[in-house]
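Counting starts at 1 for both ligands and their atoms, in listed order.
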Amino acid sequence: MTSRRDFLKTSAGVGVGAAVSLGSAQPLRGAPAVHKSVVVPVAVASGNGLEAVETAVRSVTQGGDTLDAVVEGVNIVERDPGDASVGFGGLPNLDGVVQLDSSVMHGPSRGAGAVACIEGIKTPSSVARDVMRYTDHVLLVGEGAQRFALSMGYQLEDLLTERSRRRWIEWRATMSDRDDYLTLEETGHAVPGSSRQEDYGLGLLDSHDGVRPQGTINCNVINSDGDLSGVTTTSGLAWKVPGRVGDSPIVGAGLYVDNDVGACGSTGRGEAVIKTCGSHSVVELMRSGMSPTDACLEALRRIVTFTVEPRLRNADGRPSFGVNYYAINKNGDHGGASIYSGGRYAVCRDGETRHEDLAYLFERRG
Ligand code: GLY
């Protein structure tokens with residue numbers, strides 16, 4: 001009998017190449033009809049990903065692997081203490097602990113890896129890639145994810161910056177009039193080092209209910225061979241219930257890549273994206289022939305339909321939260337859409353890095 005380990009050993013010589021030829025020999029039905037054999041490399045990301053898309057395109061142009069390219073790109077944001085939505089400096093959960101979520105998908109090898117609720121590791125996207133490369137699993141969570149990361153040589157670090165800690169203390173003070181924490185007005189003292197007017201970089205974040213900041217970075221790339229990869233990484237919803245997992249580490253929700261069709265990722269309220277299998281839906285809509293932007297808009301309409309809870313609807317019955325999708329198809333066409341107007345996404349193509357407007361379903365009011 002051949003064990004899995006023996007099988008891997010005997011097939012090691014063919015590896016990724018075998019996966020590619022198998023995929024090409026049996027294309028899935030409905031892949032985009034027009035497939036240019038040479039594609040101009042393109043990367044798209046959420047609005048906070050200008051450096052990420054530039055890095056990703058530079059990397060694939062120099063012959064780098066598509067997944068390494070996007071992970072290298074988002075690592076910049078994960079390590080940036082100024083971005084309170086991702087990695088180091090991310091806003092913490094209810095208990096003041098930063099818990100991070102991330103997933104990756106590698107188009108050519110059909111690989112996927114993810115970590116959820118991981119603490120103390122600055123670059124969860126790199127750990128997600130290691131889950132894909134060095135285990136037989138797709139998703140590791142919590143303490144197990146952290147132990148795996150430490151076994152791979154990652155350093156345990158305090159991810160709570162002074163700025164995000166102050167922000168959490170201020171939130172705690174305003175959370176309830178029935179607990180034993182004094183409100184900021186009652187205490188008569190500012191939180192040490194705090195300035196209420198301080199810019200916490202939250203302009204980069206979506207506000208899911210007008211109060212709780214939420215942000216993420218998604219980045220997808222296509223190289224000149226038409227190979228695709230994507231990554232999504234986040235500190236999730238600020239002040240979340242400990243253990244809460246958003247869409248970012250859920251394959252098919254916060255990220256989906258099918259190397260025959262395209263790639264998509266999301267930012268915004270993860271619960272809405274999970275319930276509608278958001279990124280997978282966008283890729284399937286592109287498979288049926290929709291442009292990336294139209295596919296993103298249609299997936300957002302499904303979210304609107306699914307949002308029946310009064311607590312999640314505005315007075316006009318529309319969602320009281322934001323969701324954005326960012327997509328590239330197999331031809332290198334790209335697009336993105338948001339529930340409300342005013343959003344932008346980052347694009348790098350043809351040596352130019354810029355923001356483009358997201359398409360949207362509804363004008364933002366007020
Ligand atoms: N989309 C990020 C989250 O909900 O955690």
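- Across every non-hydrogen atom of V273 and A253, the tightest pair is CG1-O, 3.3 Å.
- In this structure, R318 forms a cation-pi arrangement with F362, its terminal cationic atom sitting closer than 6.0 Å to the ring centre and no more than 45° off the ring axis.
- Not counting sequence neighbours, D101 has no partner by the side-chain hydrogen bond (donor to acceptor under 3.5 Å, both in side chains) test.
- Inclusion of G270 in the set of residues having an N or O under 3.5 Å from an N or O of ligand 1 is warranted.
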Do any side-chain atoms of residues 296-305 form donor-acceptor pairs under 3.5 angstrom with protein atoms, and if so which ones, sequence neighbours left out?
from: E298; atom 1: OE1; to: R301; atom 2: NH1; distance (Å): 3.0
from: T305; atom 1: OG1; to: R301; atom 2: O; distance (Å): 3.0

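- Contacts of Q99 with ligand 1, taken as heavy-atom pairs under 4.0 Å, are absent altogether.
- Ring geometry for W239 versus W171: interplanar angle under 30°, hence parallel rather than tilted (30 to 60°).
- Residue K240 places no heavy atom under 4.0 Å from ligand 1.
- Close N/O approach between D101 and ligand 1 is not found [any backbone or side-chain N/O within under 3.5 Å].
- The distance from ligand 1 to the heavy atoms of G246 drops below 4.0 Å at these ligand atoms: 5 (O).
- Close approach to T216 involves these atoms of ligand 1, each under 4.0 Å from a residue heavy atom: 1 (N), 2 (C).
- Between G268 and ligand 1, an N or O atom pair is found at a separation short of 3.5 Å.
- Close N/O approach between T267 and ligand 1 is not found [any backbone or side-chain N/O within under 3.5 Å].
- A salt bridge links E143 with R147: the closest approach of a Lys/Arg side-chain nitrogen to an acidic carboxylate oxygen falls below 4.0 angstrom.
- At a 4.0 Å cut-off, not a single heavy atom of G254 sits close enough to ligand 1 to count as contact.
- Annotation: side chain of Y256 is in contact with side chain of M105 (closest heavy-atom distance under 4.5 Å).
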